[in-house]
Amino acid sequence: MQFTVAIDGPAAAGKGTISRAIAREFGFAHLDTGLLYRAVGAKGGNPVLAAQELTPDDLARADLRSLEAGEAASRVAAIPEVRAALVAFQRDFARREGGAVLDGRDIGTVIFPMAEVKLFVTATPETRARRRWLEADEKSASYEDVLNQVRERDARDMGRADAPLRPADDAVLLDTTEMSIAQAVDAAKASIARKL
Ligand code: C5P
């Protein structure tokens, strides 16, 4: 069976948690596509070459989850040649048997316009900044700093010319601002169960 779930949305909306829970529930493979852009940003040098030469090993680097890696990712993600070089990796991933869930910014709009299920997961910038701030081990940045970073990242991801962050016309919107993790996961599972 080939069954693709596309989960898009801004940083810290809950995409990762929801994607992992869905993968576990339905036995799907999961690809966090943000990691591809983080790995390209972290490699340094020419980002287009870095994207063309990306290997699965590059995704295992320990430093990819940092705030700095996220910033670098969002800068290289605005380069059309970088995005183009990562398309095949993402489409190949979903071609495997047994279903796949991919989360990112343009999965439902560009990578898999024909995905069986598309979810657009959002929350207010304040809620997302609070979550990011609470989950940081060291409170080196203030809540206000984190909120500013969230807003800047949103503006860059939504404002770029190539594959900007936006919901696909046929995406199911999931606003997690007032939801617990369990509620958000249940809502996502219900959208998928309806299509299986
Ligand atoms: O989701 P994550 O925070 O890891 O993504 C890091 C950055 O990579 C995003 O801010 C975005 O600029 C970029 N990205 C993208 N398209 C994707 C996934 C991530 O442009 N499918």
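For reference, positions follow the sequence shown, starting with 1. One-based numbering, in listed order, for ligands and for the atoms of each.
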Review point. Step by step, would you call K195 with E116 a salt bridge (charged side-chain N to carboxylate O under 4.0 Å, His left out)?
Key: CA-CA 7 Å; K195 296 281 179 77; E116 276 76 11; over 6 Å; no
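- Protein neighbours of ligand 1 below 4.0 Å, counting non-hydrogen atoms: T33, G34, Y37, R38, A73, S74, A77, R83, G104, R105, D106, R153, D157, R160.
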Practice item. Could you walk me through whether M158 and R166 pass side-chain contact (heavy atoms from CB on, under 4.5 Å), step by step? Key: CA-CA 7 Å; M158 294 191 283; R166 64 167 185 83; over 6 Å; no
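- Closest of all the heavy-atom pairs between E126 and R151 is OE2-NH2, 2.8 Å.
- When all heavy atoms of L64 and L59 are compared, the closest pair comes out as CD1-O, 3.7 Å.
- Using a distance-only test at 3.5 Å, with no hydrogens or angles considered, no donor-acceptor pair links the side chain of R153 to the main chain of E71.
- D145 and S142 form a side-chain donor-acceptor contact under 3.5 Å, judged by distance and modelled atom types alone.
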